[in-house]
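Side chains are part of it too, since the values below use all heavy atoms of this structure and drop only hydrogens, waters and symmetry mates.
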Amino acid sequence: MGLIASLRAKPPRRGLRGSAFPGADMGRLTASWTIDPGSINRWLRYELGRLVARSRSLARGDAYASKFIRSCVDNIAGPAPFTLQSKAKFLDGRFNDLANDNIEAAWADRSRPGGVEITGKMSLGALHRLIIRCIARDGEVLLRVLRGGEFGSAGKLQILDIDRLDAQRNENLPGGGAIKLGVELNSYSRPVAYWVLKQHPGEMGEWNRGQERSYERIPAEQIRHLFLPDWPEQVRGFPWMHAAMVRLYHLGGFEEAAVINARIGASKIATIESPDGEPPESMITGKDSAGNLLNDTEPGQYWTLPSGYSLGSFTPNFPDAAVQPFISACLRGAAAGLGMAYHSLANDPGAVNYSTARVALLEERDMWTAIQSWYIEHFVEPDAVDWMRGAINDGILPQTYWPYRNTLRFQPKTWKWIDPQKEGQAKIEALAAKLTSRTRISAETGEDWEDIADELAAEEQLAKDKGLTLIDAPKPAAKPVADAPADAHADESGDGTQAAKGNGEDHSVRA
């Protein structure tokens, strides 16, 4: 037993670097590599403010960071964010067209400016785009739901700057609860309330010097706190650019220095060489011997140098040919950290061909689609159900529509392909092989097949009423088959007959 116990007590066999796992090695080359697993909420408590400030700085002043934020808004929200499609049906499976039309009409009224957002300045679509921008740039967004009184049962939304949620408000509460990063949690880490600053912290020092921070405790039922969690028990979100921020910051500084260096090299054309090392009078007075100012130069301009001085050459070596490959390499790393295709982030379509671009865009669009699904599940659909409950209570919709809350569908933004003709032909072939449906194809393009069918039927009826004949769209032409060599057309029957093709006619030739 002693031998077996000693064998069991032996540590695992170590690798070449002294650890069972190379990533756990504590050698000279990895001494600066952290071994603290840390806590996401502790990190955010001390670093979230700096992280958000730098992310906002990049979004304001860096071209590539601005492109990423704009791509998030354009690809997740799009020009018509999350279009509502009501799919209410009767018990026999037929669509309840009247209920669907009424629900969609009421939703359209709510989506107009003043119908959903408290200030009345934004439509629902504009609010969606602002929410996505805030989440991508700051990592999270805070919305307050105001109900009752002038806001009605359906309520209205107030978007708040996330800075109002003070990350430095932390304390333990009786019963196992706690306030972490401004969020009050129960013993199961479920949000109970949010401690929101009554005044923006950036405005306190400017207008109310010396005033203590004043909080409003808002119940969690009145708050929509949206962020994509990366850790269990994570309470707050952080900017989506976090993995690429340092690279983008240094790349921006390098590009600025490179441009200034190139500008200086392009501005200076020559040097004035002195025989004794003393500067010429022209460098002191700013004039040459003829009294001409030397402050500015023009193309083709010559100077008269003082006696004894000579004009030397100036051949700057910048910009260097290696600058562009270096910038491209840095942008590839940044694109990987942001989840975007390189040619999309860098605006460099010449770097890829059709196949490469398609593969890269497919991977990127999977990311956008996943975020769209998360956003619909955690905000768009719950918001629509709350609205429908309030609309029924306010008499906007009848009580019988309440079961239809589960039939609300939201169509996210979709994308067009680089070669729509090839993609369209592929869809036609898949439809002919019964591998897809018109409903799915329509959904991929952001349309509703039921609406398309109604429009087609209306066009046909209108044409019939007007005595017009609509011409069907031409079918795709068959691909031409290349002519094979003459001996390949020999008749397989062995009678020596060949098809001599010319001028569109078939001539039989006997051997």
Side-chain angles (χ1 to χ4, degrees), residues 39-45 48-49 52 82 110 116-119 124 127-128 130-132 134-136 138-201 213-239 371 373-393 405 408:
S39 166
I40 181 61
N41 294 323
R42 175 166 60 87
W43 290 337
L44 293 178
R45 177 178 180 180
L48 182 58
V52 172
F82 310 105
R110 190 231 187 185
V116 61
E117 194 265 335
I118 189 63
T119 66
L124 182 57
L127 181 62
H128 281 310
L130 179 58
I131 291 173
I132 296 299
C134 291
I135 297 177
D138 304 336
E140 53 185 344
V141 72
L142 200 66
L143 296 118
R144 185 174 186 177
V145 184
L146 302 170
R147 295 190 182 93
E150 60 180 305
F151 309 117
S153 300
K156 292 189 177 182
L157 299 174
Q158 179 187 17
I159 184 168
L160 301 172
D161 194 323
I162 197 61
D163 288 346
R164 290 181 178 268
L165 194 58
D166 190 1
Q168 302 309 313
R169 177 141 187 128
N170 299 272
E171 62 178 286
N172 293 323
L173 300 176
I179 299 177
K180 295 183 180 180
L181 306 171
V183 182
E184 183 178 336
L185 309 170
N186 63 14
S187 58
Y188 299 102
S189 297
R190 182 183 181 90
V192 176
Y194 290 80
W195 292 78
V196 179
L197 288 166
K198 293 182 179 180
Q199 221 169 3
H200 193 283
R213 295 192 170 192
S214 178
Y215 297 91
E216 180 181 3
R217 183 183 182 275
I218 304 177
E221 295 77 14
Q222 301 178 18
I223 291 292
R224 299 286 183 270
H225 184 206
L226 303 176
F227 68 92
L228 274 170
D230 279 27
W231 264 271
E233 302 183 36
Q234 182 179 341
V235 177
R236 299 279 300 270
F238 48 85
I371 299 175
S373 299
W374 164 81
Y375 186 73
I376 291 175
E377 292 173 356
H378 288 79
F379 177 67
V380 178
E381 288 182 347
D383 174 66
V385 172
D386 286 347
W387 162 79
M388 195 167 187
R389 181 188 294 108
I392 292 175
N393 292 336
R405 66 188 182 279
L408 303 181

Within the structure provided, determine whether [X] and [Y] are in side-chain contact (heavy-atom separation under 4.5 Å).
| X | Y | answer |
| --- | --- | --- |
| Leu165 | Leu181 | no |
| Tyr215 | Val196 | no |
| Pro239 | Asp138 | no |
| Ile223 | Val145 | no |

**Study point:** Test side-chain contact (heavy atoms from CB on, under 4.5 Å) applied to Leu185 and Lys180, Glu233, Arg190, the passing residue
**Key:** Lys180
Can you list the residues that meet the side-chain contact (heavy atoms from CB on, under 4.5 Å) rule with [X], with sequence neighbours excluded?
| X | result |
| --- | --- |
| Trp231 | Ile40, Trp43, Gln234, Phe238 |
| Pro382 | none |
| Thr119 | Glu117, Lys121 |
| Leu130 | Met122, Cys134, Ile159 |

Check your understanding: Going by the salt bridge (charged side-chain N to carboxylate O under 4.0 Å, His left out) test, which pairs reach into residues 141-153, not counting sequence neighbours?
Key -> Arg144-Glu216, Arg147-Asp386
Point to revise | Pair listing, salt bridge (charged side-chain N to carboxylate O under 4.0 Å, His left out) test, anchored in residues 165-176, at least two apart | key: Asp166-Arg213, Arg169-Glu171
Heavy-atom pair of closest approach, residues [X] and [Y]:
| X | Y | result |
| --- | --- | --- |
| Ala154 | Ala391 | CB-N, 4.2 Å |
| Ser187 | Gly175 | CB-O, 3.9 Å |
| Phe227 | Gly139 | CB-O, 3.3 Å |
| Val141 | Leu143 | CG1-CD1, 4.1 Å |

Exercise for review: Measure from the side-chain N and O atoms of Arg164 to the backbone N and O of Lys198, and report whether any donor-acceptor pair falls under 3.5 Å.
Suggested key: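 Pair found, side chain donor or acceptor close to backbone of Lys198.
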Practice item. Answer yes or no: is there a donor N or O on one side and an acceptor on the other, between the side chain of Asn41 and the main chain of Val235, under 3.5 Å? Key: yes
Straight-line distance of [X] [atom1] to [Y] [atom2], nearest 0.5 Å:
| X | Y | atom1 | atom2 | answer |
| --- | --- | --- | --- | --- |
| Ile131 | Leu124 | CD1 | CG | 8.0 Å |
| Leu127 | Gln158 | CG | CD | 11.5 Å |
| His378 | Leu226 | NE2 | CG | 9.0 Å |

**Study point:** Contacts of type ring-ring contact (aromatic ring centres under 6.0 Å, His included), residue Tyr375, not counting sequence neighbours
**Key:**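 Tyr375 satisfies ring-ring contact (aromatic ring centres under 6.0 Å, His included) with Phe82, His128, Phe379 only.
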I'd like to check the salt bridge (Lys or Arg N to Asp or Glu O under 4.0 Å) partners of [X]; sequence neighbours left out, ordered by chain and number.
| X | answer |
| --- | --- |
| Asp161 | Arg56 |
| Arg110 | Asp383 |
| Glu140 | Arg236 |
| Glu184 | Arg217 |

Check your understanding: Under the side chain to side chain donor-acceptor pair (under 3.5 Å) test, which residues partner Ser153, sequence neighbours left out?
Key ->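 Here the qualifying residues are Asp394.
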Exercise for review: Decide yes or no on side chain to side chain contact (heavy atoms under 4.5 Å, CB included) for Ile118 and Phe151, but give the supporting numbers first.
Suggested key: CA-CA 9 Å; Ile118 189 63; Phe151 309 117; 3.0 Å; yes
